Amino acid sequence: MTRPLSIVSLLPELLGTNGDAANARVLAQRARWAGVEAAVVEVRSSADLPDQVDAVIVGSGSDADLVRARDILATMTTELRTWATAGVPILLVGTGWELLSWGIELGDGTVVEGLGILAGRAVPMPARATDDIVVTSRHGRLIGFENHSRHYVGAEASPLGQVLYGTGNGAGSEGLVMGSVVGTHLHGPVLARNPGLADHLLRTALVRIGHEYRPGGHSSAADDMAKAARNQVAVRLGLPTE
């Protein structure tokens, strides 16, 4: 490549709870291990947006910051729609995912309007989900930690996977996949714990610009550590190991 792969991390302080902003660094490092120069671009306002965007990370934040984060993201609605339509991989975690929906219903009955890029909305759950979550997916078993108080309903898209343990969206599914957009409740950060999903996003980014993705040798050691960590969780939960 004649330029570094540009990985955008949107609002890394506001939407970086539970290590979610680190997903951008995971993608960049795995790209470098594959021999592809990569740069993480931290974007805190539309003025920070680079000319070239190859992947986008939007993490989760606190409910106290929902309106503030939504208002900043709203200034980038056109770009977010353009990236999604153009096939740029976009990873949305927790409230970062909810903010791109039709809206977020809070426990007191108020609604925070979303950007309306994704079908569906977030609705209150009877009790907060704060536990491990294990999901079967086309990218292998996914394990993370969920920390959310809302289900996601009305999605006109495929789920990321089916829940083996935990809560997810409710009704047995977890996450959302709409083209190159992936939404999930998994924290950890999710891409460090589940490198199969990270490689899917990297492959999508590189194929889009005419390059093949082949994981580098250093990826194997990281993959083995991630697998061991997932198996520890599986054993504790009484599930089969990988």
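Quantities reported herein were computed from a predicted structural model and do not represent experimental measurements.
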| task | Using modelled atom types only, decide if a donor and an acceptor are shared between the side chain of T167 and the backbone of G170 within a distance under 3.5 Å. | result | no

| message | Under the side-chain hydrogen bond (donor to acceptor under 3.5 Å, both in side chains) test against S60, which residue among N147, T95, T184 passes? | response | T95

| said: Could you go through I209 and L5, starting from their C-alpha distance and side-chain angles, then the distance that decides it, and tell me whether this counts as side-chain contact (heavy atoms from CB on, under 4.5 Å)? | reply: CA-CA 10 Å; I209 56 177; L5 197 69; 4.0 Å; yes

| Cluster check L164, F145: I/L/V/M/F/W/Y, side chain < 4.5 angstrom | no

| message | I need the I104 CD1 to R121 CZ distance, nearest 0.5 Å. | response | 12.5 Å

| said: Can you tell whether the side chains of R44 and E13 come within less than 4.0 Å, N to carboxylate O? | reply: yes

| request: Determine the interplanar angle of the H148 and H185 rings, folded into 0 to 90°, and report it as parallel if under 30°, tilted if 30 to 60°, perpendicular if over 60°. | output: parallel

| Rounded distance [0.5 Å steps], CG in L11 versus CE in M76 | 5.5 Å

| CD of Q29 to OG of S219: how many Å apart, nearest 0.5 Å? | 8.5 Å

| Verify same cluster id: I143, L239 (apolar side-chain graph, 4.5 Å) | yes

| Between E174 and N169, is a side-chain contact (heavy atoms from CB on, under 4.5 Å) present by the stated rule, with each step listed? | CA-CA 5 Å; E174 158 54 21; N169 303 347; 3.7 Å; yes

| message | Other residues, nucleotides and ligands only: do more than 12 of their heavy atoms fall within 6.0 Å of CZ on R25? | response | no

| Flag if over 12 foreign heavy atoms under 6.0 Å of CG, D51 | no

| remark: Closest non-hydrogen atoms of N23 and A192, given as atom of the first, atom of the second and distance, are OD1-N, 4.4 Å

| said: Between R150 and D63, does any side-chain N to carboxylate O distance fall below 4.0 Å? | reply: yes

| Hey, are the side chains of V163 and E146 touching, using non-hydrogen atoms and a 4.5 Å cut-off? | no

| request: For the residue pair W97 and L118, establish whether any side-chain heavy-atom pair is separated by less than 4.5 Å. | output: yes

| query | According to a 4.5 Å side-chain heavy-atom criterion applied to Ile, Leu, Val, Met, Phe, Trp and Tyr, with indirect links allowed, do V26 and W33 form part of one hydrophobic cluster? | reply | no

| query | Would you say the side chain of T17 lies within less than 4.5 Å of the side chain of H187, judging by non-hydrogen atoms? | reply | no

| query | Is there a donor-acceptor pair under 3.5 Å between the side chain of R208 and the backbone N or O of A86? | reply | yes

| field | Considering all heavy atoms, the nearest M125-R128 contact | value | CE-C, 4.4 Å

| message | Within the structure provided, determine whether D20 and I57 are in side-chain contact (heavy-atom separation under 4.5 Å). | response | no

| task | Under the side-chain contact (heavy atoms from CB on, under 4.5 Å) rule, what do L186 and R193 come out as? Steps first, then yes or no, please. | result | CA-CA 10 Å; L186 274 68; R193 301 183 75 176; over 6 Å; no

| request: Step by step, work out the side-chain contact (heavy atoms from CB on, under 4.5 Å) result for I133 and Y165. | output: CA-CA 5 Å; I133 179 170; Y165 182 93; 5.9 Å; no

| Greater than 12 external heavy atoms within 6.0 Å of H211's NE2 | yes

| said: With rounding to the nearest 0.5 angstrom, report the CD to CD distance, E98 to E105. | reply: 11.0 Å

| field | Heavy-atom check, side chain of R30 versus side chain of Y213, under 4.5 Å | value | yes

| request: Mind checking the CE-OG spacing from M178 to S158? Nearest 0.5 Å is all I need. | output: 11.0 Å

| Heavy-atom side-chain contact between T241 and K227 under 4.5 Å | no

| task | Indicate the atoms forming the closest heavy-atom contact of D199 with P215, along with that distance. | result | OD2-CG, 3.8 Å

| said: In this structure, would V43 and L91 fall into the same cluster of hydrophobic residues linked by side-chain contacts under 4.5 Å? | reply: no

| query | Does some side-chain heavy atom of V93 sit less than 4.5 Å from a side-chain heavy atom of N18? | reply | no

| Whether over 12 other heavy atoms sit under 6.0 Å from E113 CD | no

| message | With side chain to side chain contact (heavy atoms under 4.5 Å, CB included) as the test, pick out the partner of L10 among L80, I72, D48. | response | L80

| Roughly how far, to the nearest 0.5 Å, is the CG atom of L73 from the OG atom of S46? | 10.5 Å

| More than 12 foreign heavy atoms under 6.0 Å from CZ of R81: is that the case here? | yes

| request: Heavy atoms only: give me the nearest A22-P189 pair and the separation to one decimal. | output: CB-CG, 4.0 Å

| remark: Between A84 and V181, the two heavy atoms sitting closest are CB-CG2, 3.8 Å

| field | Test item: D132 side-chain N/O and G166 main-chain N/O as donor-acceptor pair under 3.5 Å | value | no

| query | Taking N231 for the side chain and E242 for the main chain, is one N or O donor matched with an acceptor at less than 3.5 Å? | reply | yes

| remark: Heavy-atom nearest pair, L201 first then P89, reads O-CG, 3.5 Å

| query | Does L14 reach the side chain of R68, with side-chain heavy atoms less than 4.5 Å apart? | reply | yes

| Can you hop from L15 to V40 via hydrophobic side chains spaced under 4.5 Å? | no

| query | Has the side chain of T77 got a donor or acceptor atom that lies under 3.5 Å from a matching backbone atom of L115? | reply | no

